[in-house]
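First comes the structure, then the notes that go with it.
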Amino acid sequence: MVMEDMLKDFLLGEHLLLVGNQGVGKNKVVDRFLHLLNRPREYLQLHRDTTIQSLTLQPSVKDGLVVYEDSPLVKAVKLGHILVIDEADKAPTNVTCILKTLVESGEMILSDGRRLVANPASVRGRKNVTVIHSDFRMIVLANRPGFPFLGNDFFGTLGDIFSCHAVDNPKPDSELAMLRLYGPEVPEPVLQKLVAAFGELRSLADQGIINYPYSTREVVNIVKHLQQCQWRKGLLSCSRVPLEWKKAWLLPPFDFCHPFKIGN
């Protein structure tokens, strides 16, 4: 359903913004979406140290010398590719705000002095001016603001210039069908208990009892791990490895182990 709504807005020429918790499958949705459209893409991942210069220029080493090349953003603009910007909420607001100029006014000045313009008539033989390709689109991925992701409110800052879509964890039936593909040898009752347990964890996160909103990514990692190990050793022992690093997010007195007991 999300991809259908994305397609409608994409065909209208809109730039897309996908917002959702970490691990709900935003990248998977975009990969499948662009695969079905058969459109080439450029990928750009932002972080807290992203600057305006790094957003437009990309350093690389050639023959022992550091040279600066066009970033994926500039390449997508020139070639008419789809620019996928991941972790957009991690970058400083003053950096991501330059995207607003690109989308709204169709112009952008690069750090090396070049200018991107949407109107070909604006070139008129001027040097260092590049026309924005008519097929250029942006698909931006962002986590929801606040704890525990600690990102900026990208939706509140730039949401008005994008066509926004919320991405959530799949429904239990859909999640169970997906887990069967990742773990064809894992018994069905085990997969059902995993889906039920993670549904309970997400409900507890919504109620504020635990801090981390466990997503589809974690349960997929458990099933992949079960597929590789002997699941008869017990689901608890197999699930401890992919979830061990997240146990600090859980608050007592919730018994995290109880939902995963499957017996001998």
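Since the model is a prediction, treat every value here as computed from it, not as a measurement. Numbering of residues begins at 1 and proceeds along the displayed sequence.
In terms of hydrophobic clustering, with Ile, Leu, Val, Met, Phe, Trp and Tyr side chains grouped at heavy-atom distances under 4.5 Å, Ile222 and Val24 are assigned to different clusters. Ile52 and Leu57 are assigned to two separate hydrophobic clusters, defined by single-linkage of ILVMFWY side chains at heavy-atom distances under 4.5 Å. No continuous path of ILVMFWY side-chain contacts below 4.5 Å connects Ile161 to Leu12, so the two sit in separate hydrophobic clusters. Each of Leu79 and Ile132 belongs to its own hydrophobic cluster when Ile, Leu, Val, Met, Phe, Trp and Tyr are linked at side-chain heavy-atom distances under 4.5 angstrom. Follow the hydrophobic side-chain contacts under 4.5 Å out from Leu55 and you never reach Tyr68; the two are in separate clusters.
Among residue pairs with one or both ends in residues 93-105, none qualify as side-chain hydrogen bond (donor to acceptor under 3.5 Å, both in side chains); sequence neighbours excluded. Here salt bridge (Lys or Arg N to Asp or Glu O under 4.0 Å) pairs that include residues 136-162, with residues two or more places apart or in two chains, number zero.
Considering only residues two or more places apart in sequence or on other chains, Asn128 meets the side-chain contact (heavy atoms from CB on, under 4.5 Å) condition with Arg114. Partners of Ala205 by side-chain contact (heavy atoms from CB on, under 4.5 Å), not counting sequence neighbours, listed by chain and number: Ile210, Pro213. Residues that satisfy the side-chain contact (heavy atoms from CB on, under 4.5 Å) test with Gln45, not counting sequence neighbours, are Tyr43, Asp86, Glu87. Listed by chain and number, the residues in a side-chain hydrogen bond (donor to acceptor under 3.5 Å, both in side chains) with Asp5 amount to none (sequence neighbours excluded). With sequence neighbours excluded, the residues forming a side-chain contact (heavy atoms from CB on, under 4.5 Å) with Glu42 are Pro72, Lys75, Ala76, His81, Leu83, listed by chain and number. Remark: Arg115 pairs with Glu107 by the salt bridge (charged side-chain N to carboxylate O under 4.0 Å, His left out) rule, at least two apart or across chains. For Glu4, the side-chain hydrogen bond (donor to acceptor under 3.5 Å, both in side chains) test picks out no residue, with sequence neighbours left out. Lys78 pairs by the side-chain hydrogen bond (donor to acceptor under 3.5 Å, both in side chains) definition with Asp70, not counting sequence neighbours. For Glu188, the salt bridge (charged side-chain N to carboxylate O under 4.0 Å, His left out) test picks out Arg180, with sequence neighbours left out. The side-chain hydrogen bond (donor to acceptor under 3.5 Å, both in side chains) search around Thr216 returns Asn169, Glu175, not counting sequence neighbours.
Of the inter-residue distances, the one linking Leu18 atom CG with Phe162 atom CZ reads 11.0 Å to the nearest 0.5 angstrom. Atoms CE and CG, on Met138 and Leu17 in that order, are 10.0 Å from each other to the nearest 0.5 Å. The distance from the CZ atom of Phe198 to the NZ atom of Lys193 is 15.0 Å, given to the nearest 0.5 Å. Rounded to the nearest 0.5 Å, atoms CZ (Arg32) and CG (Leu37) are 10.5 Å apart. Atom CG of Leu102 and atom CD1 of Ile109 lie 12.0 Å apart (nearest 0.5 Å). Separating the OG atom in Ser54 from the CG atom in Leu46 is a distance of 8.0 Å, to the nearest 0.5 Å.
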Stepwise side chain to side chain contact (heavy atoms under 4.5 Å, CB included) check, Val117 with Thr130: CA-CA 6 Å; Val117 296; Thr130 301; over 6 Å; no

Check against side chain to side chain contact (heavy atoms under 4.5 Å, CB included), Leu201 and Glu218: CA-CA 11 Å; Leu201 287 172; Glu218 283 81 27; over 6 Å; no

Test side chain to side chain contact (heavy atoms under 4.5 Å, CB included) applied to Met178 and Leu181, step by step: CA-CA 5 Å; Met178 178 184 62; Leu181 300 177; 5.5 Å; no

Check against side chain to side chain contact (heavy atoms under 4.5 Å, CB included), Leu99 and Ile85: CA-CA 11 Å; Leu99 300 176; Ile85 302 180; 3.8 Å; yes

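Between the side chain of Asp9 and the main chain of Glu14, no donor-acceptor pair closer than 3.5 Å is present. Under a 3.5 Å cut-off, the side chain of Lys26 and the backbone N or O of Asn21 do form a donor-acceptor pair. When atom types are taken as modelled, the side chain of Glu200 and the backbone of Ala197 share no donor-acceptor pair closer than 3.5 angstrom.
Taking the side chain as every heavy atom from C-beta outward, Gln227 and Val186 approach each other to under 4.5 Å. You'll find the side chain of Leu158 stays beyond 4.5 Å of the side chain of Val103, heavy atoms only. Taking 4.5 Å as the limit, some side-chain heavy atom of Leu110 sits within range of a side-chain heavy atom of Leu116. His15 places none of its side-chain heavy atoms less than 4.5 Å from the side chain of Val140. At a threshold of 4.5 Å between non-hydrogen side-chain atoms, the residues Lys62 and Glu69 count as touching. Val74 is not listed as a side-chain neighbour of Gln58, based on a closest heavy-atom distance of 4.5 Å or more. Two residues are said to be in side-chain contact when any heavy atoms from C-beta on lie closer than 4.5 Å; Val195 and Val219 fail this criterion. Side chains of Thr157 and Asn152 form no contact here, defined as non-hydrogen atoms less than 4.5 Å apart.
Pairing each heavy atom of Val2 with each of Ala166, the nearest pair is CG2-O, 4.0 Å. Residue Gly159 comes nearest to Cys164 through the heavy atom pair O-SG, 3.3 Å, listed as atom of the first residue, atom of the second, then distance. Across all their heavy atoms, Arg39 and Asp135 have their closest contact at NH2-O, 3.0 Å.
More than 12 heavy atoms of other residues, nucleotides or ligands shown are found within 6.0 angstrom of CZ on Phe136.
The side chain to side chain contact (heavy atoms under 4.5 Å, CB included) with Val30 is formed by just one residue from the set Leu16, Val84, Ile82; it is Val84.
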